[in-house]
Amino acid sequence: ILAIAHSLNNEPLIISALVNISIQSLAYEQIEMLVASGKLSDKQLWALADAIEPIDMDRIMLRAMVGERCFIHGIFNDTETLAGSLSSTPTAGRVIVAALRTSGLMDIDHSSSLDVMEDYVAYAESPTWPLPAYLDDIDNRVPRICIVTRMMIPALSSAYRASRQCEARRRALLTGIAVERYRQAHGRFPAQLSDLVPQFIDAVPLDPFDDQPLRYRTEDAGGIIYSLGADSIDNDGRRYNDVGRDFQDDTDVTFTFGGLQEQLWPLPEIEETYYGDMYGGYSEPGEEEVEEPTDAEPADGADVVTDPDNAAEPDDTDNGAEQAL
């Protein structure tokens with residue numbers, strides 16, 4: 001899975017960066033289950049850490065932002081793409097583009113788009129959290145006459161939030177691997193993450209949301225490593241709401257051992273719905289259960305079936321033949 005994610009590292013596109021993040025997240029879910037199972041050898045754990053360590057989310061996002069700037073710049077020189085974006089009718093779209101070019105409004109629009117994307121690229125070179133508010137303030141920063149810029153440049157904070165969440169998961173996972181290696185070597189969890197240095201990790205990873213060391217604690221049921229998440233609020237590793245039902249996207253990013261997460265904040269049991277006896281015990285939702293007819297209550301429109309030994313002798317009439325059948 002990680003190899004598929006790595007294949008997208010050099011693609012200068014926002015969509016490629018987001019797909020990369022999604023694939024990484026899928027891999028991290030699998031790796032966390034493997035590590036927490038306690039069944040991997042030290043050599044296998046080291047190999048996993050070696051595969052995760054080189055991933056550079058900041059570089060991936062910088063490349064994506066530079067690529068996005070080039071992409072938007074190219075659109076302003078592509079009359080057909082502009083025409084298709086500005087009108088559902090190609091001819092009308094070309095007329096609008098020509099009018100914007102002749103009036104000089106297209107040049108103003110183009111310049112505005114480059115200014116906005118330059119800010120995103122500059123931020124990508126030295127990212128911090130939270131994301132500066134002015135980056136997403138397109139409505140106030142871009143004049144309403146710049147219709148192409150306002151249409152083509154989306155609010156990119158969601159992409160940065162996703163990249164930070166992924167980076168927090170990666171760092172928590174690397175720390176979790178180091179904790180498991182320590183446990184195998186010493187027969188117990190470390191008392192604090194600094195115990196892992198320098199044998200298992202070079203330094204305690206920082207939380208990408210506040211630049212402080214990742215949080216860690218142990219309890220009888222296991223251990224938990226966590227980042228504050230995008231809301232920058234310390235929820236003690238909590239990932240679910242008060243009723244334990246909805247996953248909170250912006251809350252703590254965790255790595256757990258020994259099922260601690262489920263014991264502290266369990267998800268509710270889902271009641272199984274019984275749909276009847278069709279299809280091996282279940283019918284499709286919305287289908288009514290079909291009751292089998294009984295001797296006392298024959299199905300509507302069905303002929304009465306009598307005991308063959310006591311069946312009436314057929315006569316020569318059609319009615320008698322029907323009854324026999």
Side-chain angles (χ1 to χ4, degrees), residues 4-25 56-167 208-209 230-231 249-250:
I4 296 173
H6 292 335
S7 71
L8 300 171
N9 286 350
N10 293 324
E11 290 195 9
L13 300 169
I14 283 290
I15 186 61
S16 295
L18 293 175
V19 172
N20 190 338
I21 289 169
S22 297
I23 296 173
Q24 283 187 55
S25 299
D56 188 345
M57 284 304 309
D58 287 344
R59 178 181 178 275
I60 291 172
M61 291 303 295
L62 174 59
R63 179 176 288 268
M65 288 301 167
V66 171
E68 190 76 1
R69 180 177 61 182
C70 294
F71 172 73
I72 293 174
H73 171 66
I75 286 178
F76 279 92
N77 297 313
D78 185 343
T79 298
E80 292 303 314
T81 299
L82 284 173
S85 301
L86 296 172
S87 175
S88 58
T89 305
T91 301
R94 294 188 191 98
V95 172
I96 295 173
V97 171
L100 291 174
R101 293 196 192 283
T102 302
S103 65
L105 291 177
M106 188 67 78
D107 291 337
I108 297 174
D109 205 339
H110 192 174
S111 178
S112 181
S113 72
L114 292 176
D115 288 342
V116 172
M117 287 311 304
E118 181 62 27
D119 287 341
Y120 274 111
V121 171
Y123 173 77
E125 291 175 334
S126 301
T128 58
W129 191 264
L131 190 78
Y134 72 86
L135 288 180
D136 270 347
D137 195 13
I138 302 297
D139 286 341
N140 291 326
R141 295 178 61 202
V142 179
R144 293 191 177 278
I145 59 173
C146 299
I147 57 177
V148 178
T149 298
R150 295 171 67 90
M151 178 176 59
M152 296 301 300
I153 298 182
L156 296 174
S157 60
S158 58
Y160 268 107
R161 181 182 292 107
S163 70
R164 287 271 161 165
Q165 293 278 115
C166 185
E167 178 62 14
F209 290 104
D231 62 7
D249 291 334
D250 291 340

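Quick caveat: nothing in here was measured; it's all calculated off a predicted structure.
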Validation row: Glu167, Asp58 side chains within 4.5 angstrom (heavy atoms): no

Test item: Leu100 and Ile147 side chains (from C-beta on) under 4.5 Å apart, heavy atoms: yes

- request: Return the set of residues passing side chain to side chain donor-acceptor pair (under 3.5 Å) with Glu68 (not counting sequence neighbours), or none when no residue passes.
  value: none

Set of side chain to side chain donor-acceptor pair (under 3.5 Å) partners for Asp119, sequence neighbours left out: Arg141

message: Could you tell me if the side chain of Met61 sits less than 4.5 Å from the side chain of Tyr160, heavy atoms only?
response: yes

field: Side-chain donor/acceptor of Ser111 to backbone N/O of Asp107, under 3.5 Å
entry: no

- request: May I have the step-by-step check of side-chain contact (heavy atoms from CB on, under 4.5 Å) for Ile153 and Ser113, ending in yes or no?
  value: CA-CA 8 Å; Ile153 298 182; Ser113 72; 4.1 Å; yes

task: Tell me, please, which residues at least two apart from Glu11 pass salt bridge (charged side-chain N to carboxylate O under 4.0 Å, His left out).
output: none

query: Are Asp139 and Arg150 side-chain neighbours, meaning at least one heavy-atom pair lies under 4.5 Å?
result: yes

- request: State whether the side chain of Ser87 and the backbone N or O of Thr89 hold a donor-acceptor pair below 3.5 Å, judged by distance alone.
  value: yes

field: Side chain to side chain, Asn9 and Ile60, heavy atoms closer than 4.5 Å
entry: yes

task: Would you please test Val97 and Phe76 for side-chain contact (heavy atoms from CB on, under 4.5 Å) and show each step?
output: CA-CA 10 Å; Val97 171; Phe76 279 92; over 6 Å; no

query: Can you list the steps and then say if Arg59 with Asn10 is a side-chain contact (heavy atoms from CB on, under 4.5 Å)?
result: CA-CA 9 Å; Arg59 178 181 178 275; Asn10 293 324; 3.1 Å; yes

- request: Decide yes or no for Met65 and Ile14: does some side-chain heavy atom of the first lie under 4.5 Å from some side-chain heavy atom of the second?
  value: yes

field: Heavy-atom donor-acceptor pair, Gln165 side chain to Ala230 backbone, under 3.5 Å
entry: yes

task: Inspect the surroundings of OH in Tyr134 and state if more than 12 heavy atoms from other residues, nucleotides or ligands are less than 6.0 Å away.
output: yes

Validation row: His73, Met117 side chains within 4.5 angstrom (heavy atoms): no

- request: Before giving the answer on side-chain contact (heavy atoms from CB on, under 4.5 Å), spell out for Ile75 and Leu82 the whole-Å C-alpha distance, their side-chain angles and the decisive distance to 0.1 Å.
  value: CA-CA 7 Å; Ile75 286 178; Leu82 284 173; 3.7 Å; yes

